[in-house]
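Position 1 is the first residue of the sequence; numbering continues from there.
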Amino acid sequence: QVQLVESGGGLVQDGGSLRLSCAASGLTFTSYAMAWFRQAPGKERDFVAAISHRAFNTNYADSVKGRFTIFRDNAKNTVYLQMNSLKPDDTADYYCAARAKYESKWSSSGMDYWGKGTLVTVSS
């Protein structure tokens, strides 16, 4: 049984930082590209960042470029999202997801596995 478990969400002030973690189990971690998506209340689930199987490639949404960094530790079966210079618009549930193939375009409909999410709230 595949499980993706996110952690690290919470309340932070405008301009602050958080690091999200996603621990994977039940799958061969290096066989999957990993991604983060987010969903604000009343909005669609949007792509945030992705990383290839061996971390050779990364991809970011324009809205987070230069502020967020995705990285992974294959020895720990964990992917991370370092979020700096947070803004109130970053407030959302953040979801970890896995897909066997790394591509240049990412859609919430194309992922193989999902975590249950962790809430990030940025106060102004």
Side-chain angles (χ1 to χ4, degrees):
Q1 180 182 358
V2 175
Q3 283 193 312
L4 302 177
V5 181
E6 302 94 336
S7 61
L11 175 64
V12 64
Q13 289 188 333
D14 190 354
S17 297
L18 280 177
R19 179 178 291 184
L20 305 183
S21 301
C22 171
S25 61
L27 76 170
T28 302
F29 191 62
T30 52
S31 295
Y32 288 85
M34 301 298 295
W36 289 93
F37 288 76
R38 67 185 180 185
Q39 188 167 18
K43 296 188 177 181
E44 295 184 350
R45 189 170 296 188
D46 293 329
F47 169 74
V48 175
I51 188 166
S52 60
H53 309 65
R54 301 287 183 179
F56 292 147
N57 299 99
T58 57
N59 196 359
Y60 295 91
D62 288 343
S63 59
V64 306
K65 280 181 182 176
R67 300 188 299 123
F68 291 11
T69 303
I70 187 171
F71 58 102
R72 62 191 294 165
D73 185 337
N74 286 344
K76 295 182 178 180
N77 286 6
T78 301
V79 62
Y80 303 91
L81 185 68
Q82 178 66 42
M83 306 186 294
N84 298 329
S85 301
L86 282 161
K87 308 172 183 179
D89 283 349
D90 294 317
T91 295
D93 285 305
Y94 282 72
Y95 297 89
C96 171
R99 187 171 78 185
K101 188 175 180 181
Y102 182 85
E103 297 179 345
S104 59
K105 292 186 177 181
W106 296 81
S107 167
S108 60
S109 63
M111 306 307 291
D112 297 325
Y113 301 106
W114 287 94
K116 293 183 178 181
T118 185
L119 177 62
V120 172
T121 303
V122 184
S123 64
S124 57

Participant: Quick one: side chain to side chain donor-acceptor pair (under 3.5 Å) partners of Arg99, sequence neighbours excluded?
Facilitator: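 Arg99 satisfies side chain to side chain donor-acceptor pair (under 3.5 Å) with no residue once adjacent residues are dropped.
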Participant: Under the side-chain hydrogen bond (donor to acceptor under 3.5 Å, both in side chains) rule, what pairs show up with a residue in residues 111-124, not counting sequence neighbours?
Facilitator: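 Qualifying pairs: none.
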Participant: For Lys105, which residues count as a salt bridge (charged side-chain N to carboxylate O under 4.0 Å, His left out) partner, sequence neighbours excluded?
Facilitator: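 Here no residue qualifies.
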Participant: For Arg38, give me all partners under salt bridge (charged side-chain N to carboxylate O under 4.0 Å, His left out), at least two apart in sequence or on another chain.
Facilitator: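 Scan of Arg38 (salt bridge (charged side-chain N to carboxylate O under 4.0 Å, His left out), adjacent residues dropped) gives Asp90.
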Participant: Count I, L, V, M, F, W, Y as connected when their side-chain heavy atoms are under 4.5 Å apart, and connections chain through other members. Are Leu81 and Phe47 then in the same cluster?
Facilitator: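 No, Leu81 and Phe47 fall in different hydrophobic clusters.
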Participant: Just jot down the side-chain contact (heavy atoms from CB on, under 4.5 Å) partners of Val120, sequence neighbours excluded, or say none.
Facilitator: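 Val120 satisfies side-chain contact (heavy atoms from CB on, under 4.5 Å) with Leu18, Leu20, Met83, Tyr94, Val122 only.
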Participant: Same cluster or not: are Trp106 and Tyr95 linked, directly or through other Ile, Leu, Val, Met, Phe, Trp or Tyr residues, by side-chain heavy atoms under 4.5 angstrom apart?
Facilitator: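 Yes, because Trp106 and Tyr95 connect within a single hydrophobic cluster, where side-chain heavy atoms sit under 4.5 Å apart.
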Participant: Using modelled atom types only, decide if a donor and an acceptor are shared between the side chain of Asp93 and the backbone of Arg45 within a distance under 3.5 Å.
Facilitator: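 No; zero donor-acceptor contacts below 3.5 Å.
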Participant: Can you name the closest pair of heavy atoms from Phe56 and Ser52 and give their distance?
Facilitator: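 Answer, listing the atom of Phe56 first, then Ser52: N-OG, 3.1 Å.
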Participant: Is there any disulfide (SG to SG under 2.5 Å) pair reaching into residues 48-86, and which pairs are they, with sequence neighbours excluded?
Facilitator: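 Output for this query is empty, none listed.
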Participant: Listing request: all salt bridge (Lys or Arg N to Asp or Glu O under 4.0 Å) pairs with a residue in residues 48-63, at least two apart in sequence or in separate chains.
Facilitator: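 For residues 48-63: Asp62-Lys65.
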Participant: State which residues pass side-chain contact (heavy atoms from CB on, under 4.5 Å) with Ser107; sequence neighbours excluded, sorted by chain then number.
Facilitator: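 Partners of Ser107 under the side-chain contact (heavy atoms from CB on, under 4.5 Å) test: Ser109.
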Participant: Would you list the pairs meeting salt bridge (Lys or Arg N to Asp or Glu O under 4.0 Å) in which at least one residue belongs to residues 70-85, sequence neighbours left out?
Facilitator: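 Sorted result for residues 70-85: empty, none.
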Participant: Output the distance between atom CD (Glu44) and atom OG (Ser108), rounded to the nearest 0.5 Å.
Facilitator: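 That separation rounds to 7.5 Å.
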Participant: For Lys101, check salt bridge (charged side-chain N to carboxylate O under 4.0 Å, His left out) against everything at least two apart and list the hits.
Facilitator: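 Residues passing salt bridge (charged side-chain N to carboxylate O under 4.0 Å, His left out) with Lys101: Glu103.
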Participant: Is there a donor-acceptor contact under 3.5 Å from the side chain of Asn59 to the main chain of Ala50?
Facilitator: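 Judged by distance alone, no pair lies under 3.5 Å.
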Participant: List, one per line, each side-chain donor-acceptor pair under 3.5 Å for residues 21-37, sequence neighbours excluded.
Facilitator:
{"unit_1": "Trp36", "atom_1": "NE1", "unit_2": "Tyr80", "atom_2": "O", "d": "3.4"}

Participant: Is there a side-chain contact between Thr69 and Tyr60 in this structure, where contact means two heavy atoms from C-beta onward sitting under 4.5 Å apart?
Facilitator: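 Result yes, sub-4.5 Å side-chain heavy-atom pair found.
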Participant: Using a 4.5 Å cut-off on heavy atoms from C-beta on, say whether the side chain of Phe71 contacts that of Arg19.
Facilitator: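 The answer is yes, as the side chains (C-beta and beyond) meet within the 4.5 Å cut-off.
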Participant: Any link between Leu86 and Ile70 through a network of hydrophobic side chains (Ile, Leu, Val, Met, Phe, Trp, Tyr) touching at under 4.5 Å?
Facilitator: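 Yes, Leu86 connects to Ile70 through the hydrophobic network.
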Participant: Going by side chain to side chain donor-acceptor pair (under 3.5 Å), name the residues that satisfy it together with Asn84, two or more places apart in sequence or in a different chain.
Facilitator: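 Checked Asn84 against side chain to side chain donor-acceptor pair (under 3.5 Å); matches are Ser17, Gln82.
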